[in-house]
Amino acid sequence: MMIEVLKSKIHCARVTEANLNYMGSITIDEDLMDAANLIAGEKVHIVNNNNGERFETYIIKGKRGSGNICLNGAAARKVQPGDIVIIMAYALMDFEEAKVFSPSIIFPDPINNSVVR
């Protein structure tokens with residue numbers, strides 16, 4: 001049996017931009033992507049702690065070291081710069097593998113630069 005489990009999480013990142021005029025997605029600083037074991041094009045679930053919005057999109061690489069967390073396209077309507085979001089990705093795994101799997105969870109600092117594991 002395969003089950004879907006949490007693979008990666010960026011917990012409490014600060015939104016730096018909301019770009020309505022871009023063609024959808026979330027732009028994430030490449031340092032944060034690496035630390036959380038995320039890749040460009042990967043589907044993510046996003047929870048906005050400020051307003052309760054929950055939605056899905058895919059990742060675009062942001063400039064390394066920029067601290068950029070930018071919601072693009074329609075998702076830009078669900079956030080404001082300064083909002084705190086949780087970004088999560090899931091993976092399908094065999095039930096037994098999932099029992100021992102440890103997700104990559106990171107906690108960015110208030111400007112999304114330093115990562116506390």
Side-chain angles (χ1 to χ4, degrees):
M1 167 178 31
M2 301 292 283
I3 63 171
E4 193 170 19
V5 298
L6 180 69
K7 178 190 80 72
S8 304
K9 179 163 93 167
I10 300 175
H11 189 78
C12 292
R14 187 172 305 277
V15 173
T16 59
E17 295 178 65
N19 184 351
L20 184 60
N21 297 314
Y22 193 82
M23 198 171 57
S25 69
I26 182 170
T27 304
I28 301 175
D29 176 327
E30 195 170 0
D31 285 341
L32 294 174
M33 289 174 59
D34 289 348
N37 195 29
L38 294 165
I39 62 169
E42 187 169 1
K43 177 181 171 181
V44 288
H45 293 219
I46 300 166
V47 178
N48 185 332
N49 286 355
N50 292 78
N51 63 19
E53 289 282 358
R54 300 176 73 93
F55 51 96
E56 297 176 344
T57 191
Y58 61 93
I59 298 170
I60 292 178
K61 278 186 202 178
K63 181 179 175 189
R64 189 175 291 282
S66 67
N68 194 19
I69 299 287
C70 178
L71 279 299
N72 301 303
R77 296 229 184 252
K78 298 184 176 285
V79 300
Q80 295 291 317
D83 284 358
I84 301 299
V85 294
I86 300 170
I87 303 163
M88 298 166 285
Y90 299 87
L92 286 174
M93 292 182 200
D94 173 77
F95 184 76
E96 293 302 318
E97 178 186 7
K99 285 182 180 180
V100 296
F101 177 77
S102 293
S104 298
I105 301 174
I106 64 166
F107 302 86
D109 72 5
I111 56 172
N112 299 334
N113 284 328
S114 300
V115 177
V116 179
R117 293 178 193 254

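Note that CG of N113 is 7.5 Å distant from OG of S66, once rounded to the nearest 0.5 Å. Between N68 atom CG and E17 atom CD the span is 4.5 Å, to the nearest 0.5 Å. Rounding to the nearest 0.5 angstrom, the gap separating the CD1 atom in I59 from the NZ atom in K43 is 12.5 Å. How far SG of C12 is from CG of N112: 10.5 Å, rounded to the nearest 0.5 Å. In this structure, L32 CG and I106 CD1 are separated by 5.0 Å, a value rounded to the nearest 0.5 Å. How far NZ of K9 is from NZ of K7: 14.0 Å, rounded to the nearest 0.5 Å.
Taking all atoms of both residues into account, the shortest heavy-atom contact from A36 to S8 is O-OG, 2.7 Å. When every heavy atom of T16 is checked against every heavy atom of G67, the shortest pair comes out as CG2-O, 3.4 Å. In this structure, A35 and S104 approach most closely via the heavy-atom pair O-CB, 4.3 Å.
Residue pairs meeting the salt bridge (charged side-chain N to carboxylate O under 4.0 Å, His left out) criterion with at least one partner in residues 90-100, sequence neighbours excluded, are E96-K99. For residues 62-81, the salt bridge (charged side-chain N to carboxylate O under 4.0 Å, His left out) pairs, not counting sequence neighbours, are E30-R64, D31-R64, D34-R64, E53-K78.
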List the atom pairs, donor and acceptor, that lie under 3.5 Å between side-chain atoms in residues 79-92 and the rest of the protein, sequence neighbours left out.
from, atom 1, to, atom 2, distance (Å)
D83, OD2, N48, ND2, 2.8
D83, OD2, Q80, N, 2.9

Which atom pairs, donor and acceptor, lie under 3.5 Å between side-chain atoms of residues 20-28 and protein residues at least two apart or in another chain?
from, atom 1, to, atom 2, distance (Å)
S25, OG, N72, ND2, 3.2
T27, OG1, N72, ND2, 3.0

Using side chain to side chain contact (heavy atoms under 4.5 Å, CB included), reason through M33 and E42 one step at a time and then give a plain yes or no. CA-CA 10 Å; M33 289 174 59; E42 187 169 1; over 6 Å; no

Practice item. Please assess I69 against D29 for the test side chain to side chain contact (heavy atoms under 4.5 Å, CB included), listing each intermediate value before the final yes or no. Key: CA-CA 7 Å; I69 299 287; D29 176 327; 5.7 Å; no

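By the side-chain contact (heavy atoms from CB on, under 4.5 Å) test, A98 pairs with I3, V5, M93, sequence neighbours left out. In this view, P110 and R14 satisfy the side-chain contact (heavy atoms from CB on, under 4.5 Å) rule, not counting sequence neighbours.
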